[in-house]
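These notes concern the structure reproduced below.
By convention in this document, chain letters (A, B, ...) are assigned in the order of the sequence lines, proteins followed by strands, and residues within each chain are numbered from 1. Every heavy atom of this structure was used, including side-chain atoms; hydrogens, water molecules and symmetry mates were not.
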There are 2 protein chains.
Amino acid sequence: MNDSLILIIEDEQALRENISEIIAHYGFRVISAPAGEEGIQMALEHTPDIIICDIMLPGIDGFDVFSRIKQIPQLPPTAFIFLTAKSTRADTRTGMNMGADDYLTKPFTKEELINSIKARLEKLSEINGYQSKQDASIEVTFDKITNLTKAERRVLNQIAEGFTTPQIAQKLFVSKKTIENHRVNISRKLDLSGPNSLISFALRLKVQKPGNQFLNDLASISTH
Amino acid sequence: MNDSLILIIEDEQALRENISEIIAHYGFRVISAPAGEEGIQMALEHTPDIIICDIMLPGIDGFDVFSRIKQIPQLPPTAFIFLTAKSTRADTRTGMNMGADDYLTKPFTKEELINSIKARLEKLSEINGYQSKQDASIEVTFDKITNLTKAERRVLNQIAEGFTTPQIAQKLFVSKKTIENHRVNISRKLDLSGPNSLISFALRLKVQKPGNQFLNDLASISTH
DNA sequence: TTTGCAATGAGTGGATCCACTCATTTTTAT
DNA sequence: ATAAAAATGAGTGGATCCACTCATTGCAAA
């Protein structure tokens, strides 16, 4: 259901397998490496969406792994999460100041791990979905849109970003069926019918002039 | 040297002025607001690069501020840093899991603050650099349109106008099969794949290149 | 606590889009 | 005039979208 790829770089075998198991159980694809050099190699080959990395590793440490991966221009934006027993404030600040996206200290619960992953995936999709502001002169009536519920606006926002039903389902962590239901309800409330009418509407909506009241509401409600 | 703009949202006046002073001293531009609503308003008006926000605020709290600011499509990618006395692990995880970029607990040193800001600015510039490459790839796709034949451009224009295959077939006095064949050929020449990718491209082309010469030619061809 | 709405998910059926291949006719170019 | 390219049309299969209905869960307001 969710084909995001997570790379684990962790020395201790039991913990590495445990983490992989947790992540896989939540529907993500996962690969792992026991040391930094191999981790960097795997990152290059598989271009994971998220790298979760311990700091104390045999050979090069987690900080080195991060700096070396950061300098690889071929890699798309990748979230980097430190997962380590080094839990002092100084350790945390060092990791974050290097540019890490999150810093989890051991011991951690599986909920903390998964929530961190989900938050960073959301962040990545926001970045990828971001489009520069464009002015256009298309007249759209917003009267009916106020009837949409939160989930429906969230879906409409994703449609406007150009995503298809399977992609939206993956991004919002719900099933394709739910997205389809939302699409139908949106179409009904907006008096739309026929193929492509919804995406057509959404895309035209997207290029409305900045400062638009509905788009502000849409954005403010669209997560959590 | 550095014209990055930082927005501070902090209730306590002394702390707010202190933070502003520190940041200004390091060469950044800084604006501030004492409460959430005003902070959101300032973010919309000034589009800061980084927002530093307390959690305990009068009126709406910092989490609400973040949710509402997070996905405003008019705003470019903005780093969001929580700066708060709420320092338990649960508090930290809540903030990070909402998608914040960093979470600093009081009391903090000015070095910690500045380093956090610098790290997030670095991150932003990486993202923007990558973003511009993606924009360039759109230009490449746009150039490929010149390879399209007359009939294909005619069909593409109709797609951009929002018509479906049966409607286009009727307008151009050919069969639906012919239109479908043209659509496939267009998609292939433009390296498009997946559902809605063609209409999505056509609509974006129409609104993103309003005064484009090709689109004018294309429109004149399709009418006769 | 109960009622109602929102959100999620499943099932079914039809229409459309997408991606191949193949064939015939017309236009264009050498 | 002959070859190449374009335009038209058909067949097939798969994936997605659209439009219904129905059921379960969760949350929030009455």
Side-chain angles (χ1 to χ4, degrees), chain A residues 1-3 26-27 118 144-203 217-218 220-224, chain B residues 64 67 144-204 218 221-222 224:
Chain A
M1 201 54 209
N2 196 311
D3 63 347
Y26 279 85
K118 286 185 176 179
K144 303 157 187 168
I145 302 178
T146 47
N147 297 332
L148 297 183
T149 68
K150 291 177 187 175
E152 286 163 357
R153 291 175 196 218
R154 192 160 52 225
V155 171
L156 179 58
N157 198 25
Q158 292 298 310
I159 296 173
E161 297 294 336
F163 295 107
T164 65
T165 292
Q167 290 173 324
I168 298 171
Q170 175 189 334
K171 285 187 62 175
L172 302 184
F173 304 104
V174 295
S175 78
K176 288 186 290 185
K177 271 298 166 191
T178 297
I179 303 300
E180 284 187 2
N181 287 336
H182 286 318
R183 292 183 86 129
V184 170
N185 293 331
I186 294 170
S187 294
R188 182 154 42 200
K189 289 182 180 176
L190 266 48
D191 286 328
L192 298 174
S193 71
N196 288 329
S197 60
L198 183 50
I199 186 170
S200 178
F201 172 83
L203 284 172
D217 295 344
L218 186 73
S220 67
I221 297 172
S222 55
T223 34
H224 292 97
Chain B
D64 291 332
S67 315
K144 292 178 183 173
I145 299 176
T146 32
N147 296 334
L148 298 182
T149 67
K150 288 178 189 174
E152 286 163 356
R153 280 181 293 198
R154 196 157 50 223
V155 170
L156 178 58
N157 187 44
Q158 293 297 310
I159 295 172
E161 295 296 331
F163 295 108
T164 65
T165 292
Q167 291 173 324
I168 298 172
Q170 184 182 349
K171 285 190 66 171
L172 301 184
F173 303 104
V174 294
S175 79
K176 289 186 291 184
K177 270 299 166 193
T178 298
I179 303 301
E180 285 186 4
N181 287 336
H182 285 319
R183 292 183 86 127
V184 170
N185 292 331
I186 295 170
S187 294
R188 182 153 39 201
K189 288 184 180 177
L190 266 47
D191 287 328
L192 297 175
S193 72
N196 288 328
S197 61
L198 183 51
I199 184 167
S200 179
F201 171 83
L203 282 172
R204 290 173 192 276
L218 198 133
I221 292 172
S222 65
H224 75 278

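Expressed to the nearest 0.5 Å, how far CD of A:Gln158 lies from CD of A:Gln167 amounts to 9.5 Å.
A donor-acceptor contact under 3.5 Å is formed by the side chain of A:Lys177 with the base of C:dT12. Residue side chain B:Asn181 reaches the base of D:dA10 through a donor-acceptor N/O pair under 3.5 Å, judged by distance alone.
When every heavy atom of B:Ile179 is checked against every heavy atom of B:Val155, the shortest pair comes out as CD1-CG2, 4.0 Å. Residues B:Thr165 and B:Lys176 approach most closely at CG2-O, 3.8 Å, considering heavy atoms.
Using a 4.0 Å heavy-atom distance criterion, A:Thr165 is classed as a sugar-phosphate-only contact. As judged by a 4.0 angstrom heavy-atom cut-off over every strand, B:Ser175 is placed among residues touching the sugar-phosphate backbone only. At the heavy-atom level, A:Val184 lies under 4.0 Å from base atoms of the strands shown.
Straight-line distance from the CG atom of B:Leu192 to the C1' atom of C:dC17: 13 Å, rounded to whole Å. Across the protein-nucleic acid pair, A:Glu180 atom CD and C:dG13 atom P stand 15 Å apart, rounded to whole Å. Atom-to-atom, CD1 of B:Ile168 to C1' of C:dT16 comes out at 12 Å; the value is rounded to the nearest Å. Computed from coordinates, the A:Arg183 CZ to D:dA15 C1' distance equals 13 Å when rounded to whole Å. In this entry the distance linking NE2 of A:His182 with C1' of D:dT16 reads 18 Å, nearest Å. The distance from atom CG of A:Leu198 to atom P of C:dC17 is 15 Å, rounded to the nearest whole Å. The distance between atom CD1 of A:Ile179 and atom P of D:dC17, rounded to the nearest whole Å, is 11 Å. Atom pair B:Lys150:NZ and D:dT8:P shows a separation of 12 Å (rounding to whole Å applied).
Listed pair A:Thr149 / C:dC5 fails the phosphate criterion, with no side-chain N or O lying under 4.0 Å from OP1 or OP2.
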Could you go through the salt bridge (Lys or Arg N to Asp or Glu O under 4.0 Å) check for A:Lys177 and A:Glu180 one step at a time?
CA-CA 5 Å; A:Lys177 271 298 166 191; A:Glu180 284 187 2; 3.5 Å; yes

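Mapping A:Ser197 and B:Thr178 onto DNA chain D via the closest heavy atom, the residue that lands nearer the 5' end is B:Thr178. Residues B:Glu152 and B:Asn196 each lie close to DNA chain D; by heavy-atom proximity, the contact nearer the 5' end of the strand is made by B:Glu152.
With B:Asn157 contributing its side chain and B:Arg153 its backbone, the two residues share no donor-acceptor pair below 3.5 Å.
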